Amino acid sequence: MASSSVFKSTSSHPHIKRSWWKESTVYQIYPASFKDSNGDGWGDIPGIISKLDYIKSLGVDIVWLSPILKSPQQDMGYDISNYEDVDPLYGNMADHDALIKGLHDRGMKYVLDLVVNHSSDQHPWFKQSRSSKDNPFRDWYIWRPAKYDEDGNRVPPNNWESAFSGSVWEWDEHTQEYYMHIFATGQPDLNWENPKVVDAVHKIIRFWLDRGVDGFRMDVINFISKEPGLPDGKITKPGFLQSGVEHFACGPRLHEFLQGIGKILREYDAFSVGEMPGVHDTREILKGVGQDRGELAMAFNFDIVDIDHAPGSKWLPREFTLPKLKTIVHKWQTFMLENGGWNAIYMENHDQSRTISRYCSDDPKYRTKCAKLLASHLALQSGTLFVYQGQEWAQKNMPKDWDLSHYRDIEVINHWKTILRDHPDDKALQQQAKDQYWLIGRDNARTPIQWNDSDRYAGWTTKDPARPPWMDIHPDYATWNAEAAVKDPNSAFHYWRKLLALRKSEKDTLVYGRFEMLDIEHDDVCAYVRNSDDGRRALVIGNWKEKEVSWAVPKAYADMLKREHILPDFKNYSEETQISTDGGKTTITLKPFETIVAIG
Ligand code: GLC
Ligand code: CA
């Protein structure tokens, strides 16, 4: 078995500037699903406030909330109709102020979700815009006349496909033009070419910073600059509609716009993370996060979460392999450290399914072991770490036998309608889509948090809620819930808590140290090394397969496996790990999903 490292470790990175947000861990809350305080079946801000001590006890530094601003909820708040007010579903401005204070009192910071690639179609700007062609707000959105095919049929201005199925163009009868919506029809794209839009966004940013917000997560921020002329997307699949993403991800004016935002953020020393789908080139993302660029602090890239579906087609499965994952991790880790950029490291969020189910095993026998394996794999990389609600106590995907009536996500619902319309008799294709919904569908991340086993609502809502939870609660709540995890010293929760503490006490190595992935081509074991400038090293080894696996440890790191270096807190088996040395060759034999961490 090959044990040599494919990539060479590089020189140290003294030029990486240190900063508070690089050393922070962010906890993401999906408010609709976190905790319902008033029994209306919808999570809310007072619910979050009631759990701040729990969040603090995990050891996170920053809390990011998915959108809680006024919204018709076509896409769960990612369609905002008033940027300066809280949606009554979640509470009011006073609740929001209390949340900020509650976080600040506990030494945590607060990050708001800024959704400004598009607004809701119910936003007054859009209502004005669609009212007439000469309305002063017309040019705040992207309007285009129809095209006509050879037979004189009206066709959209180009072939771009919406992320939520169908064309990105919606015909408006009233003014006889199309408007663009990369997401739902209720999410029209703002026209950033109009300086008034840019000013309005700057005003929103200042409004919240002045109210005590510590920074922003910026929704699909790399989509705000579209290529002039809006050319057709390249043809990659049969039919008229094509992704087109090459014409709107990282468009020509993106960095000018980000610099405008960055200037305000720096005035407040604010946190920022940009969501950047559709780009796999490290250099492209570096332009937005390079430490001397004056743009964003970091970005979410989609390389790993795109690993198990076809490019541009989320519902066409593609095999997940460990060497692919390791190649991606190595690429982003080394590139950002060597080039003065910074990574946001994450594997779960409200748009991704649960990682134990997706990449590992959620069988009760292995569930906690897998949660720990994935936790040490992620948390000891360089970058700012993001933990998503429920990830800390090993939440898994929705039950496999839940049919489509349990799904709520517009992405899945629209896709399923398209499948039934276009392929009504293709049972195999329908099954493939359903399998993929379960494997990577967003609803998996959105089931209500299981707080305890006190009643059939898992402590998520009041004992007698006026309305049932907006999404069904996972039936395994009696065994798997936050309270049980906190009580059990061997739970995933305490493993995460200790990892977060380790990142702090070993930050020279674990936050800022060099990174080297070992043995990338190995199918079963993922092992990497972190190196600090003063010679301290960390070695993380995990077996990602449900079988015993032996791995020849590269000579340079064999001495790291001396007993005194292996940290007992970060093992996921109580038995001793099998390590043998024979003729100068060190081999480690790992049980199914076993992980270890060594430092020294
Ligand atoms: C981002 C959000 C996602 C939303 C989309 C449109 O990808 O994370 O939840 O549907 O943008 O706003
Ligand atoms: Ca509520």
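Start at 1 and go down the list; that is how both ligands and their atoms are numbered. Everything quoted here is computed from the prediction, not taken from an experiment.
Shortest non-hydrogen contact noted between Ser357 and Lys396 is OG-CB, 3.5 Å. What you find for Asn222 and Glu275 is that their closest heavy atoms are OD1-O, 3.4 Å. Nearest heavy atom pair, residue Ser24 against residue Ile62, reads CB-CD1, 3.7 Å.
Residue Gln187 has at least one heavy-atom neighbour below 4.0 Å for each of these atoms of ligand 1: 6 (C), 12 (O). Ligand 1 places these atoms under 4.0 Å from at least one heavy atom of Asp75: 4 (C), 5 (C), 6 (C), 10 (O), 12 (O). Per-residue contacts place Asp351 under 4.0 angstrom from the following atoms of ligand 1 (heavy atoms of the residue considered): 1 (C), 2 (C), 3 (C), 7 (O), 8 (O), 9 (O). Distances below 4.0 Å separate heavy atoms of Arg442 from the following atoms of ligand 1: 3 (C), 4 (C), 9 (O), 10 (O). Within ligand 1, the atoms closer than 4.0 Å to a non-hydrogen atom of His118 are 6 (C), 12 (O), numbered from 1 in the order shown. Of all atoms in ligand 1, listed by their number and element, those nearer than 4.0 Å to a heavy atom of Phe164 are 10 (O).
Note: Trp451 and Tyr457 fail the aromatic proximity criterion, with ring centroids not under 6.0 Å apart. Aromatic ring centres of Trp64 and Phe271 lie farther apart than the 6.0 Å criterion allows.
Among Arg446, Glu275, Gln74, Arg217, the residue whose heavy atom lies closest to atom 7 (O) of ligand 1 is Glu275. Considering each of Asp409, Val220, Asp219, the one bringing a non-hydrogen atom nearest atom 12 (O) of ligand 1 is Asp219.
Residues His96 and Tyr110 bring a donor and an acceptor atom of their side chains to less than 3.5 Å of each other. In the model, Gln28 has no side-chain atom that pairs as donor or acceptor with a side-chain atom of Tyr346 under 3.5 Å. With 3.5 Å as the limit, one finds a donor-acceptor pair spanning the side chains of Glu348 and Thr355.
With a cut-off of 3.0 Å, the Ca ion (ligand 2) has an N, O or S atom of Asn38 in range. Under 3.0 Å from the Ca ion (ligand 2) lies an N/O/S atom of Trp42, whether from backbone or side chain.
The atom name of the N/O/S atom in Asp40 closest to the Ca ion (ligand 2) is OD1. Considering just the N/O/S atoms of Asp36, the one nearest the Ca ion (ligand 2) carries the name OD1. For Asp44, the N, O or S atom closest to the Ca ion (ligand 2) goes by the atom name OD2.
Taking atom 5 (C) of ligand 1 as the reference point, the nearest protein heavy-atom neighbour is Phe183 CE2, 3.7 Å.
Taking the side chain as every heavy atom from C-beta outward, Leu69 and Asn82 never approach each other to under 4.5 Å.
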